[in-house]
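As the structure is a prediction and not an experimental result, all values here were calculated from the model.
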Amino acid sequence: MLTDLVDDASALAEVDDPLEAELAGALFVAMSRAGGGEMMAAFAGAFIPAIEARGTRAALTLLTAIGAVGGEAEKPVTEAARAASARMRANSVPAPSWADDLAQPLTSGPFTRMHDDQDIMSVLIGAFQRAGRDHALMITVDHQHCGAAEQIYLLDAEELPTAVAAIHQGARQDGVSISTKKLGAPEFRWHVEQALEARAVHDEEDGPNDDAPVDAKLIDEEDGPGYAPLAVLTRSRLEALPPARRPRDATASGHTADRTAMDVLQQFAALIGNSGGPAAFGLDLPAARRPTPAKLPAKRKKSSGPSPIYQVKVSLRGAKPPIWRRLLVPGDITLNRLHQTILAAFGWHGGHLHVFDTAYGQFGRADRDLGHRSDGPVTLEQVAPAVKDKIRYTYDFGDDWEHDILVEKTTPADPATTYPVCVGGRRAAPPDDCGGIWGYQDLIEVLTDPNHPEHQERLEWLGLDHPDQFTPDKFDLDQVNQRLRTR
């Protein structure tokens, strides 16, 4: 077995992404952890020295991968592997091609927590970067099972927006409200450690499943690494973060009656529906029922004359006190152009996904998996043809900035006016990437309390020298119109 293990590591020495090596190491560490303390001692005291004794580059590759992962619980194995790796390097055994990249510092953030309004499930998301490569860990947490980690997903950076969008998409379809909060690294570490520990307790209480082969517990032929090696990788990532700090609003999880795996999946299905995310996550959930949208009306014909000017009120949902902008836009403005206009009106930077929810379907960046059609050719008067019509616009599926767009009235165009133009509003818009409405409320609380431990950090994040420069109650009409003219 040892021969096969080391021989397999020969190909691992030349992989492009060191994350593949970490996963291989995590699989080995998870195997040792699965057998308890005696097994870990055997791996550290027998297997690691036996691998080192082979003296080959493949052996060093495997030891380097093992030593790169794991947390406090796996130290006996990982520290033995690191010591063996150091001795082999000192004896001039050539290192794997990715060793230098793996030695680069690991940076992290942002961190996000998403949870449903019924406190059934939550999702913890952390982004990590090393040697110019980005990846993210997504941990689903079951709050009706003692807050235990249910699944861990390893995503490429480009997969993360689609995964988050899938959660929001399914939630909107199923009438589930999701709140999003940006976390600091210590808070994220606390939440994840609590979830991993609760899962470990339950796994220990449940005992081993002797009917399942060891391979099935560690790796899935279709989905790749199982929970155990991904938990090892996750603990390794947590070790690189500042010490855990319990959030002020966190509550301790208590043991409740166990549920079946199907119960868990059905509850989580309420969050992610059937919008493309489950496939990315390796979940095969029942399809959500989607209402059939009405047929999109035809565009205005040239023979019908110029389009009227729409006066629309764009209100940020959940904002208390209200935050809104009153805009004048041509009725034949495309939804994509309206998207750019709203970004300017609220001071959003852009760069995140968006969608318009209308009676005629959902329009944004065309995405078959999410069910979004392109907003480029569709006009406002097609989806909101009459006064008092209302559509919804969502920007940034992580922060989930939802806006209600109400058509207040229509008027003929004024030749002396350049459209679009803002004619009114209330309060400053929240800064981009601050964690949604919940995160914005938290930001205001932190900045108004000079004794808050995160006060200075948040000021620096906003690029402010003094808290008086933060004026959430101020609306600057001239500034908004300046942005509209340059957008």
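- For the side-chain hydrogen bond (donor to acceptor under 3.5 Å, both in side chains) test with Ser122, the passing option among Lys181, His115, His143 is His143; the others fail.
- When only modelled atom types and interatomic distance are considered, Thr140 and Glu150 share no side-chain donor-acceptor pair under 3.5 Å.
- At a threshold of 4.0 Å, the pair Arg245-Glu454 counts as salt-bridged, since one of the basic side-chain nitrogens sits closer than that to a carboxylate oxygen.
- Below 30°, between 30° and 60°, or above 60°: for Tyr395 and His339 the angle between ring planes is between 30° and 60°, a tilted geometry.
- Residues Arg458 and Asp442 are paired through a salt bridge, judged by an N-O separation under 4.0 Å between the basic side chain and the carboxylate.
- Judged by the 6.0 Å and 45° rule, Arg392 forms no cation-pi pair with Phe356.
- A cation-pi geometry, defined here as NZ or CZ lying under 6.0 Å from the six-membered ring centre and within 45° of its normal, does not hold between Arg113 and Phe188.
- Using a 30° and 60° split on the angle between ring planes, His403 and Tyr393 fall in the tilted class, from 30° to 60°.
- With respect to the salt-bridge test (charged N to carboxylate O, under 4.0 angstrom), the residues Arg235 and Glu197 do not qualify.
- The structure places OG of Ser315 at 13.0 Å from CD of Glu402, a figure rounded to the nearest 0.5 Å.
- Asp375 and His354 form a side-chain donor-acceptor contact under 3.5 Å, judged by distance and modelled atom types alone.
- Contact check on Asp142 versus Arg199 returns no salt bridge, with no Lys/Arg side-chain nitrogen under 4.0 Å from an Asp/Glu carboxylate oxygen.
- The pair Asp399-Lys182 meets the salt-bridge criterion, with a side-chain N (NZ, NE, NH1 or NH2) lying under 4.0 Å from an Asp/Glu carboxylate O.
- Counting only N and O atoms by type, the side chains of Gln362 and Asp357 include a donor and acceptor under 3.5 Å apart.
- Applying the 6.0 Å contact sphere to CZ of Arg365 captures no more than 12 heavy atoms from other residues, nucleotides or ligands.
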